[in-house]
There are 2 protein chains.
Amino acid sequence: MRMGEGVEWGLHCCLALAWLEDEAPVPTGRLAALFELPPVYLKKRLQSLVRAGILDSVPGMRGGFRLARPPAEITLMDIVAAVEGPDDAFRCTEIRQRGAGAEAPAREFTRPCGVATAMRRAELAWRRELAAQTVADLLSVSPSGAPGRVRRHYERRSG
Amino acid sequence: MRMGEGVEWGLHCCLALAWLEDEAPVPTGRLAALFELPPVYLKKRLQSLVRAGILDSVPGMRGGFRLARPPAEITLMDIVAAVEGPDDAFRCTEIRQRGAGAEAPAREFTRPCGVATAMRRAELAWRRELAAQTVADLLSVSPSGAPGRVRRHYERRSG
DNA sequence: GAGACGCTACTCGGATAGTGTGTGTCCGAGTGGAGCGGG
DNA sequence: CCCGCTCCACTCGGACACACACTATCCGAGTAGCGTCTC
């Protein structure tokens, strides 16, 4: 099981957007320069965040992205779900009903699969932990010098 | 983020092996027939469980697989880690040190990345929940008729 | 008749192809500003 | 000099190739049982 790198990018970009806390939208190129990421592909990932309502996008010149909500109202779960998709990691294909299970009475399968339930329980714990952390929490634990440095780096390139 | 189907197979197979609780090893073909799974590919997955020390494999005729430990000592975490690999789902590539971060003093990076820490926290909750559940727990929540049915199905094919 | 040898059938184990989901890129739609012309 | 129009540069949005990992498979190594040959 592996998580796409777009999750890391999305998290750091949301954090950077919170640091910049600018009214003006931040274009993809500038955001990519902050982390030396491939600009076009980063844009594709940010589009996922827009579709999820986490970012607002402004088209046209002087356009770009900005946070759609205050950092305290953006959970890590929101970002992960937006980038990786809403599907559960563990997918139950009901193999219990195949083979030997085909001979079982149908009422036995009205209850959900015990294996799937156990896996789902663990995944819910993961989701709950992600939902309990917001971008604002990331702000509070970030190094004190980071926001100013990002802002300087950003304004330098904006000329 | 998606989890391979081998995890579901591994879990159900361990459960079936616990149901059969047989001294004689169970060959791949019989195990695959219990769930109508592709036998050869299932065998490849079971090999992962053998490498992890969850199953014992007996080569040669009358060979097969059997649980290496009592069901109560096999956690779901063991099985998931064996099939999916030990790597964390979220991989921190330290993009905080690139771009704007390159200008930061090195001592700022002695502390781990806050984003990675938050993600790791959630993943640890997931792992903890998986480690708290054992195959024995799955046995206790399974339908009462399932073990006997699997055993009958198995012995029927074994002639 | 008993024992030992060899053969065969059947199993795990690792190396080998096909396919689907990311990964990375490109071009089109839309917008704000600057330059130019007219009043 | 001021206003409006036109053109252009720059941005997001969705459609298009490429790569790696998962899926699926085949052949080789090893073992238990059985038949046969010999004593």
Side-chain angles (χ1 to χ4, degrees), chain A residues 1-10 13 17 22-33 36-66 68 80 82-87 89-91 93 95 157-159, chain B residues 1-10 13 17 22-33 36-52 54-66 68 80 82-85 87 89-91 93 95 157-159:
Chain A
M1 178 170 108
R2 189 180 142 221
M3 180 168 286
E5 58 192 351
V7 173
E8 184 184 12
W9 298 3
C13 284
L17 287 174
D22 206 339
E23 288 299 322
V26 178
T28 307
R30 302 281 164 73
L31 211 46
E36 295 179 7
L37 298 177
V40 193
Y41 185 41
L42 174 63
K43 180 164 66 65
K44 186 179 184 62
R45 292 305 197 181
L46 295 180
Q47 286 175 13
S48 303
L49 296 175
V50 171
R51 277 189 286 266
I54 297 170
L55 298 185
D56 276 337
S57 68
V58 179
M61 196 163 179
R62 299 282 171 114
F65 298 92
R66 93 189 117 188
V80 170
V83 175
E84 286 290 313
D87 295 343
F90 179 85
R91 179 179 286 260
T93 61
I95 63 175
R157 283 186 73 103
S158 71
Chain B
M1 179 171 107
R2 190 179 139 223
M3 182 168 284
E5 58 191 352
V7 173
E8 185 184 13
W9 298 3
C13 283
L17 287 174
D22 207 339
E23 288 299 322
V26 178
T28 306
R30 303 280 163 73
L31 211 45
E36 295 179 6
L37 299 177
V40 193
Y41 184 41
L42 174 63
K43 181 164 64 65
K44 185 177 184 61
R45 292 306 197 184
L46 295 180
Q47 287 174 13
S48 304
L49 296 176
V50 171
R51 276 189 287 267
I54 297 169
L55 298 185
D56 276 337
S57 68
V58 179
M61 195 163 180
R62 300 281 171 118
F65 298 92
R66 91 188 118 190
V80 170
V83 176
E84 286 289 313
D87 296 342
F90 178 83
R91 178 168 315 192
T93 61
I95 63 175
R157 281 186 76 102
S158 71

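In what follows, chains carry the letters A, B, and so on, assigned in the order in which the sequence lines appear, proteins first and then strands, with residues in each chain numbered from 1. Every value quoted in this text rests on a predicted model; they were computed, and no experiment measured them. Both backbone and side-chain heavy atoms feed into the values below; hydrogens, waters and symmetry mates do not.
- Two residues, M3(A) and V40(B), neighbour DNA chain C, and the one matched to the more 5' nucleotide by heavy-atom proximity is V40(B).
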Stepwise side-chain contact (heavy atoms from CB on, under 4.5 Å) test for M3(A) and V83(A): CA-CA 10 Å; M3(A) 180 168 286; V83(A) 175; over 6 Å; no
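- Taking for each of R2(A) and G64(A) the nucleotide of DNA chain D with the nearest heavy atom, the 5'-most of the two is the partner of G64(A).
- Residues F65(B) and S57(B) are in side-chain contact: their nearest non-hydrogen atoms beyond the backbone lie under 4.5 Å apart.
- In the interface, the side chain of K43(A) is paired with the base of dG13(D) through a donor and an acceptor atom under 3.5 Å apart.
- Between the CZ atom of R30(A) and the P atom of dC10(D) there is a distance of 10 Å, given to the nearest Å.
- When rounded to the nearest whole Å, the span between CZ of R91(A) and C1' of dT23(D) equals 16 Å.
- Within 4.0 Å (heavy atoms only), G63(B) reaches sugar-phosphate atoms of the nucleic acid but no base atom.
- For M61(B) and dA9(C), the CE to P distance is 10 Å, given to the nearest whole Å.
- Atom-to-atom, CD of E5(B) to P of dT19(C) comes out at 16 Å; the value is rounded to the nearest Å.
- Rounded to an integer number of Å, the gap from L42(A) CG to dG24(C) P is 11 Å.
- Side-chain polar atoms of T93(A) and E8(B) form a donor-acceptor pair below 3.5 angstrom.
- Contact between the side-chain N/O atoms of S57(A) and the OP1/OP2 oxygens of dG13(D) is found at a separation under 4.0 Å.
- With the nearest nucleotide of DNA chain C identified for both P59(A) and G4(A), G4(A) has the one nearer the 5' end.
- Rounded to an integer number of Å, the gap from CG of D56(B) to P of dC12(C) is 13 Å.
- Listed nucleotides: dC12(D), dT11(C), dT23(D). Nearest to the side chain of Y41(B): dT23(D).
- Separation of atoms CG (L42(A)) and CD (E36(A)) is listed at 13.0 Å; rounding is to 0.5 Å.
- Of the two residues near DNA chain D, F65(A) and K44(A), the one whose nearest nucleotide lies more 5' is F65(A).
- dG14(D) atom P lies 15 Å from atom CZ of R45(A), rounded to whole Å.
- In terms of heavy-atom proximity, E23(B) sits nearest to R66(B) at O-NH1, 2.8 Å.
- Here the side chain of P27(A) is nearest to one of dT23(C), dC22(D), dC12(D), namely dC12(D).
- Between R62(A) and dA9(D) there is no side-chain N or O to OP1 or OP2 distance below 4.0 Å.
- Residue T28(B) has no polar side-chain atom (N or O) positioned under 4.0 Å from OP1 or OP2 of dT11(C).
- Taking atom CD of Q47(B) as the reference point, atom C1' of dG30(D) lies 14 Å away to the nearest angstrom.
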